[in-house]
Each structure stands twice: as C-alpha cells, then as structure tokens.
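These notes concern the structure reproduced below.
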Amino acid sequence: LALVLAADLGDAFSLPGMNTAQMRPAAQDTLRELERYQCENGGFSYWPGACWSTSPYLTAYLLHVFKVASDLKYAVDPGTLDRAYSYLERELAAKPPTNEGWWPAYTAWQAFAVKVLVEGGRNQDSNVNRLYAYRDRMPVFAIAYLHDALMARGETTGARIEDLRRRMNNAILPEAGASHVEELSDPYLLWFWNSNVRSTAIVLNSLVGANAAAAAGPAGAEAPSNVASMVRWLMNVRKDGRWGNTQENAHAMEALVNYFRRFEPSAPDFT
C-alpha cells in the first residue's frame, strides 16, 4: 500500500534513496505476488498455501489495497477480486460470537468488510443496517469504516451519517495544538494492530474523504480545524521519521496522502 501511494506521488516530494520511476513496476510486481496468498475459498492467508489461516480482516485489507491500486491504474486480476468479495459475503452471513468480549473485534472486521464490499460495487444494504444497530459496541476505527460504507453507497447526509461523525469527533482529544483519536482499549483488537496512531489515521482519512465528497470548495481549500490538528499530531508522534509498525505506517501514509491531495494541490518545494 505504501509503495503504491509513494509511486503515485511522483516527484511531489524528494524521497532520499527512492526513485519514483522504479516504484511503479515494483509495486505492480508486488501486487501480483499477493495473489499467491489467496486460497480456494477466496480468502487470503498470512502465508502462501497456509489456508487454515484465512482471515476475513486480512482479506478485507488486501481488497482495500487492490482497490487503491486499481484506482491508480495498476493491473489487478478481476477473478482474484471476485473470489475475495464472495468469500467476505459468506463470512458476513455467519452467526455472531456468543462471547460478549468478542463483539468489538467482531464489529470491527465486519464494518471493514462491508466498507470494501460497497466500494467494490457489492450491495450491502442489509449488512449496513445490521451493523449500524451495533455502533455502540464498535471501536472508533470501525465507526469510521461504517461511515465510509455509507458514503460509498451514496448516503452522504442524514441522521446516520451525522451520528457516526459525531461519534468520531467525540473520540478526538485535543492536545497542545494537536489532536488524536483515543481508541477503545480491548485485548482482542490487538489482532488488528490496534493503536491510537492507527485509529487517528483511519478517522483522519474518513473525514478527509467526507470533506471532498461534500465539495466544500475546490482542492486546496482550508482544512477543517480537527483535520489539521490530527495531521499535526500524526507528524509529532513519529520516531526517527516513522510510526510504530507497518500498519501504522500504511494507514498514516494513506491518510496523509489523501490530505495532501485534498488540501495541498500545489506540490511544496521541500525535501
């Protein structure tokens, strides 16, 4: 994901040791390599051929990566996508867990799955309605994913959108001119590499997308204060120029690239 995004930035930034002309073919090769991780049931596993480890969340994440890449004109195999979408639809139909402790994690992967399915052109009205009823039990990043699913299906205004945005904004805590999302602390969410950095990036990306969809002025308009302050916080919490792990790096980079596209259309003259 980070390689695809970096290649698309082209020469907007000077990245030491990175040749943007070489990034795109490398990203295309890597996208093809990811297809090796798909199993016969359509789901993706953490290791090639280890189909006992297929994961709905991992499958949703890879579908998101493929969608971003496809939008940037990379070649993505339609059959791979179709099998993965069908796998997610089957997984969404499974019975929910009986253990109450699993509900934050359950709603998290389900919201992500619904988001990527809707963005992939699959009708998920019944699942959207079902998950919206569970919003009180969702971590903040799942609320952002559900918000994105509503936006993707054309529900850009109304009570449900306003409610989800209110919940996201209520989770944003100001901190010395910056702000971040204070995420739910739940041990089961660690399976999704849960952290405040990651959730801040996901919510930031959701709010930037909502601002663009609302056509609130042309690209380059001033960013809302909560959006700008989250960008400031994300930049401040880096250590040695990076965040804590590859999931934080990927989500943060995606949010910041989309922020750059929305609010900073003129490439800055700096390294």
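Quantities reported herein were computed from a predicted structural model and do not represent experimental measurements.
The main-chain N or O of T80 is found under 3.5 Å from a side-chain atom of Q38 such that the two form a donor-acceptor pair. Between the side chain of S206 and the backbone N or O of I202 there is no donor-acceptor pair closer than 3.5 Å. Side-chain atoms of S70 never come within 3.5 Å of backbone atoms of F66 as a donor-acceptor pair (strictly under, hydrogens ignored). When atom types are taken as modelled, the side chain of Q28 and the backbone of A75 share a donor-acceptor pair closer than 3.5 angstrom.
Scanning all heavy atoms of the two residues, the minimum distance from S179 to T200 falls at O-CG2, 4.4 Å. Nearest approach of R198 to S195, heavy atoms of both residues: N-OG, 3.1 Å. Here the shortest heavy-atom pairing between D186 and G101 reads OD2-O, 4.1 Å. Residues A171 and V140 approach most closely at CB-CG2, 3.7 Å, considering heavy atoms. Minimum interatomic distance between W103 and P97 (heavy atoms only, all atoms of both residues): NE1-O, 3.4 Å. Here the closest heavy-atom approach between residue L204 and residue A255 is recorded as CD2-CB, 3.8 Å.
At least one side-chain heavy atom of P104 sits under 4.5 Å from a side-chain heavy atom of L184. In this structure, the side chains of L150 and V128 come closer than 4.5 Å at one or more pairs of heavy atoms. Inter-residue side-chain proximity for Y132 and L164 is flagged as met; some heavy-atom pair is nearer than 4.5 Å. V65 places none of its side-chain heavy atoms less than 4.5 Å from the side chain of V4. Residues P139 and T107 form a side-chain contact, since some pair of their non-hydrogen atoms from C-beta on lies under 4.5 Å apart. Counting only heavy atoms from C-beta outward, the side chains of V68 and L5 approach each other to under 4.5 Å. The closest side-chain heavy-atom distance from T59 to V116 is not below 4.5 Å. With a 4.5 Å cut-off on side-chain heavy atoms, E183 and V203 do not count as touching.
In this structure, W109 has its ring center no closer than 6.0 Å to that of F192.
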Checklist entry - Does the pair R24 and K73 meet the rule for a side chain to side chain contact (heavy atoms under 4.5 Å, CB included), with working shown? => result CA-CA 10 Å; R24 191 172 180 91; K73 310 304 181 185; 3.6 Å; yes
Checklist entry - Could you walk me through whether R166 and N169 pass the side chain to side chain donor-acceptor pair (under 3.5 Å) check? => result CA-CA 5 Å; R166 176 183 59 80; N169 284 318; over 6 Å; no
Checklist entry - Given R261 and V208, is the side chain to side chain contact (heavy atoms under 4.5 Å, CB included) satisfied, shown in steps? => result CA-CA 10 Å; R261 289 171 177 158; V208 168; over 6 Å; no
Distance-only check: which donor-acceptor pairs under 3.5 Å involve side-chain atoms of residues 85-92, not counting sequence neighbours?
from : atom 1 : to   : atom 2 : distance (Å)
S86  : OG     : D82  : O      : 3.1
E89  : OE1    : R122 : NH1    : 2.8
E89  : OE2    : Q124 : NE2    : 3.3
R90  : NH2    : N41  : O      : 2.4

For a quick test of your reading: what N or O donor-acceptor pairs under 3.5 Å do the side chains of residues 232-239 make, sequence neighbours left out?
from : atom 1 : to   : atom 2 : distance (Å)
R232 : NH1    : G177 : O      : 2.4
N236 : ND2    : R232 : O      : 3.2
R238 : NE     : M235 : O      : 3.1

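Counting only residues at least two apart or on different chains, the salt bridge (charged side-chain N to carboxylate O under 4.0 Å, His left out) pairs with a member in residues 130-156 are E100-R137, K115-D148, D125-R153, R135-D163, D136-R167, R153-E155, E155-R160.
With rounding to the nearest 0.5 Å, the separation of OH in Y37 from OG1 in T54 is 15.0 Å. Note that NE2 of H251 is 8.0 Å distant from CG of L1, once rounded to the nearest 0.5 Å. Note: S229 OG to I172 CD1 = 7.0 Å, rounded to the nearest 0.5 Å. Atoms CE and CG, from M253 and N258 in turn, are 10.5 Å apart once rounded to the nearest 0.5 Å. Here the straight-line distance linking atom CG of L256 with atom CE of M230 works out to 10.5 Å at 0.5 Å rounding. In this structure, the separation between OG1 on T157 and CE on M151 is 9.5 Å, given to the nearest 0.5 Å.
Applying the side-chain hydrogen bond (donor to acceptor under 3.5 Å, both in side chains) test to R36 and every residue at least two apart in sequence or in another chain returns nothing. Every side-chain contact (heavy atoms from CB on, under 4.5 Å) that S53 has, sequence neighbours left out, goes to S45, Y46, W47, A50. Residues meeting the side-chain contact (heavy atoms from CB on, under 4.5 Å) test with P224, sequence neighbours left out: N211, N226, V227, F263.
Taking 4.0 Å as the cut-off between side-chain N and carboxylate O, E35 and R32 count as a salt-bridged pair.
Ring-plane geometry between Y57 and Y61 is classed as parallel, the angle between the planes falling under 30 degrees on a 0 to 90 degree scale with a further cut at 60. Ring planes of F112 and Y145: parallel class, angle under 30° (limits at 30 and 60°).
Hydrophobic clustering (side-chain heavy atoms under 4.5 Å, transitive across Ile, Leu, Val, Met, Phe, Trp, Tyr) keeps L190 apart from W243. Linking Ile, Leu, Val, Met, Phe, Trp and Tyr whenever their side-chain heavy atoms come within less than 4.5 Å puts L72 and F260 in one cluster.
Heavy atoms of other residues, nucleotides or ligands lying less than 6.0 angstrom from CH2 of W191 number 12 at most.
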